[in-house]
Amino acid sequence: MKRIATTTRPLPAPALPRRRWLGRAALALAACACLWGAQPGAVQAQDFPAKAVTIVVPFPAGGTTDLLARILGQHLSQQWGQSVVIDNKGGAGGNIGAQAAARAAADGYTLLMGTVGTHAINQSLYKKLPYDPVKDFQPLSRVALVPNLLVAHPQQPYKTVQELLSYARANPGKVDFASSGNGTSIHLSAELFKQMTGVDMQHIPYKGSAPAGADLLAGQVHIMFDNMPSAIQNVRAGRLVPLAVTTATRSAQLPDVPTIAEAGVPGFEAYSWFGLFAPAGTPEPVMQRLSQAITKALSDPQVVQKFAEQGAVAHPETPAEFTAFISAEAKKWQAVVKASGASVD
């Protein structure tokens with residue numbers, strides 16, 4: 001009988017279930033990423049932002065915090081090609097907006113424009129906060145600092161810091177200073193001045209800087225440590241007398257006005273500051289992308305100029321630098337709040 005040659009062919013492998021196939025594909029992609037040195041979240045960061053980013057402003061529209069956030073947000077929007085939405089959530093000294101941002105998803109798409117109040121003063125001023133300024137946030141960068149300006153009504157008998165000190169020491173308790181409310185940076189700037197000079201002055205708190213400034217202009221109170229943007233036009237018009245700025249260096253807006261340190265109170269420095277924060281747990285690659293974009297924006301000459309027009313100084317920092325700065329500020333203002341006796345339930 002003639003034999004017929006046969007060829008044995010291996011049977012085809014059974015098709016993998018779709019889920020298993022997808023799983024193996026994902027593992028392969030992950031292995032490629034590792035080979036190329038990618039870190040967890042890096043792919044997500046490369047595409048960030050893929051949608052609109054929201055900056056929560058914990059104060060009403062029109063204030064300094066809001067204005068600076070809008071200037072910065074416009075530049076970030078141009079960088080990213082994505083909308084940047086400003087969400088004003090005012091109330092309780094910034095606590096309501098800070099709480100909302102702390103509870104947002106930790107994906108980089110919700111940020112907080114925090115202030116010296118939300119992250120350095122309120123934890124000492126309020127008996128209980130609805131958020132933890134340290135544990136609930138990751139600092140990105142300080143955005144700007146705004147000097148406070150020590151101003152007096154023109155009819156007062158002092159035109160310099162030394163003349164004010166001499167008058168206050170000769171007339172203890174007879175110098176009234178206005179503020180925008182208990183525990184605000186305007187109030188605590190004056191309390192720090194009292195502590196460092198030993199003078200006795202009377203605090204007259206108001207519900208905001210506008211009514212406080214109005215009474216100062218009317219001569220109902222004597223002096224005020226007002227924010228530069230609020231006071232500078234009245235100074236230029238001669239309606240208020242500038243005694244000194246509260247920052248360590250003179251303001252480019254009023255170069256002839258000395259600092260309080262120069263005027264005879266060495267080491268004095270106080271100002272309002274603003275910075276961007278992300279919710280705790282935001283992936284590190286996303287944090288890096290945000291930090292780089294913020295630094296680029298705050299170094300842009302147009303942003304610097306727009307900030308200067310508001311009396312603010314653009315101040316980019318690394319997250320590590322900003323974290324160290326906040327820690328020092330919290331300790332500084334804790335001592336001032338304690339000595340002043342200010343407290344809010």
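These values consider heavy atoms only, across backbone and side chains, with no hydrogens, waters or symmetry-generated copies. Source: prediction; values computed, not measured. Here, residue 1 is the first one in the sequence, and each next residue gets the next number.
- In the hydrophobic clustering of ILVMFWY residues, with side-chain heavy atoms under 4.5 Å counting as a link, I86 and L111 come out together.
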Next item on the list: Begin with the C-alpha distance, continue with both residues' side-chain angles, and end with the deciding distance and a verdict on salt bridge (Lys or Arg N to Asp or Glu O under 4.0 Å) for R70 and D66.
Entry: CA-CA 6 Å; R70 291 180 187 278; D66 177 72; 2.9 Å; yes

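- Using cut-offs of 30° and 60° for the angle between ring planes, the H119 and Y131 rings count as tilted.
- Judged as a side-chain hydrogen bond (donor to acceptor under 3.5 Å, both in side chains), and not counting sequence neighbours, the contacts of N227 are N148, S272.
- For the residue pair A152 and L243, the shortest heavy atom distance occurs at CB-CD1, 3.7 Å.
- Between F177 and H203, the angle of the ring planes stays under 30°, which puts this pair in the parallel group of the 30/60° scheme.
- Contact record, A244 with T259: CB-C, 3.9 Å, taken as the closest heavy-atom pair.
- Geometrically, R142 does not engage F274 in a cation-pi contact, judged by NZ or CZ lying under 6.0 Å from the ring centre and within 45° of the ring axis.
- Across all non-hydrogen atoms, the minimal contact from P279 to A102 is CB-O, 4.4 Å.
- Residues W273 and E329 bring a donor and an acceptor atom of their side chains to less than 3.5 Å of each other.
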Next item on the list: Quick one: do E309 and K306 satisfy salt bridge (Lys or Arg N to Asp or Glu O under 4.0 Å)? Show the steps, please.
Entry: CA-CA 5 Å; E309 291 171 359; K306 288 180 180 178; over 6 Å; no

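- The two residues L76 and I294 have their closest heavy-atom pair at CD2-N, 4.2 Å.
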